[in-house]
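A short write-up of the structure that comes next.
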Amino acid sequence: SNPVRLGHQAYLGAAVVHGGLQTISPTPDGNFVVTGEYTNSGDVRLWNVTNPAAIALVNSWRLGTNSLLWTVHATNNYAYVAHLEDGIRILNIQARTNLTPEGFFDPDTGASGRNWSGISDIVVDGMTLYACHSSRGLFVVQHDPFLP
């Protein structure tokens, strides 16, 4: 009934109107978290939280296409990032030393643009991704890292 703060890390990004740190997902072991920022550049950051009193930034990745990051979900090996205008981005985090782009799925064809419509959430179940698209419905996507 009495939560205790174990640590704090200040927001690293620039001040954004109606934006900033948007989403967070811990790795299953609880030693790392992946955060996502609702900004024009869509920064994703990997943090070491093994010592909550000394949270350490491990690596950052930036989509950088003027799209809006919505959610991020971490597993043991990957971070799945939902961008409203740029679909699902898959980042490899297995080494826990960097965020390496591994693949993507974007159900929307054509040039990226701010239309506030796209992948807004992802649920990961093994190699199956369930993604909701704000205007086009449900997508079920398989991510098998062993397939080319």
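Keep in mind it's a predicted model, so treat the numbers as computed, not measured. Positions are given from 1, in the same order as the sequence printed here.
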*Each residue besides Val124 in its hydrophobic cluster should be listed here, by chain and number; the cluster joins Ile, Leu, Val, Met, Phe, Trp and Tyr at side-chain heavy-atom distances under 4.5 Å.*
Tyr78, Tyr80, Ile88, Ile90, Phe105, Ile119, Ile122, Leu129, Phe139, Val141
*With rounding to the nearest 0.5 Å, note down the distance linking CD in Gln94 to OG1 in Thr27.*
12.5 Å
*Excluding sequence neighbours, so at least two apart, what forms side-chain contact (heavy atoms from CB on, under 4.5 Å) with Asn76?*
Pro28, Arg96
*Quick one: do Trp70 and Gln22 satisfy side chain to side chain contact (heavy atoms under 4.5 Å, CB included)? Show the steps, please.*
CA-CA 7 Å; Trp70 205 250; Gln22 168 78 10; 4.3 Å; yes
*If you take all heavy atoms of Gly30 and Val49, which pair is closest and at what distance?*
O-CG2, 3.5 Å
*Working to the nearest 0.5 Å, report the span between CD of Gln142 and CE of Met127.*
5.5 Å
*Check Pro101 against Leu91 and note the closest heavy-atom contact, atom names and distance.*
CA-CD2, 3.7 Å
*What distance separates Leu99 CG from Arg45 CZ, expressed to the nearest 0.5 Å?*
10.5 Å
_Nearest heavy-atom neighbours spanning Glu102 and Pro145_ = OE2-CB, 4.3 Å
*Does the Asn92 side chain pair with the main chain of Thr100, one donor and one acceptor, at a distance under 3.5 Å?*
no
*Considering residues, nucleotides and ligands other than Phe104, do more than 12 of their heavy atoms fall under 6.0 Å from its CZ?*
no
*With a 4.5 Å limit on heavy-atom distance, are the side chains of Phe32 and Leu46 in contact?*
yes
*Does a donor on one side chain sit under 3.5 Å from an acceptor on the other, for Trp47 and Thr35?*
yes
*asked:* Is there a side chain to side chain contact (heavy atoms under 4.5 Å, CB included) between Val44 and Leu69? Walk through the geometry before answering.
replied: CA-CA 9 Å; Val44 178; Leu69 182 147; 3.5 Å; yes
*Identify the heavy atoms of Ala79 and Val72 that sit nearest to each other, and give their distance.*
CB-CG2, 4.2 Å
*asked:* Any side-chain to backbone donor/acceptor pair from Ser120 onto His133? Under 3.5 Å, distance only.
replied: no
*If we only count heavy atoms from C-beta on, is the Ile24 to Val34 side-chain gap below 4.5 Å?*
no
*Distance from Asn48 atom CG to Asn59 atom CG, nearest 0.5 Å?*
12.5 Å
*For the residue pair Pro107 and Arg136, what are the closest heavy atoms and their distance?*
O-NH1, 2.7 Å
*Take Asp86 and Asp106 through the test side chain to side chain contact (heavy atoms under 4.5 Å, CB included) and record every step on the way to the result.*
CA-CA 6 Å; Asp86 278 329; Asp106 190 353; 4.3 Å; yes
*Is Leu63 close to Arg89 at the side-chain level, that is, under 4.5 Å between some pair of heavy atoms?*
yes
_I'd like to know if the side chain of His73 pairs up with that of Asp121 as donor and acceptor (distance under 3.5 Å, no hydrogens or angles considered)._
yes
*At what distance, to the nearest 0.5 angstrom, does CD1 of Ile55 lie from CD of Gln9?*
6.0 Å
_Could you check whether any side-chain heavy atom of Pro26 comes within less than 4.5 Å of a side-chain heavy atom of Val33, counting everything from C-beta outward?_
yes
_Non-neighbouring partners of Asn51 that pass side chain to side chain donor-acceptor pair (under 3.5 Å), sequence neighbours left out_ = none
*For residues Tyr130 and Asp125, determine if any side-chain heavy atom of one lies less than 4.5 Å from a side-chain heavy atom of the other.*
yes
_Hydrogens and angles aside, do Thr75 and Asn77 bring a side-chain donor and acceptor to less than 3.5 Å of each other?_
no
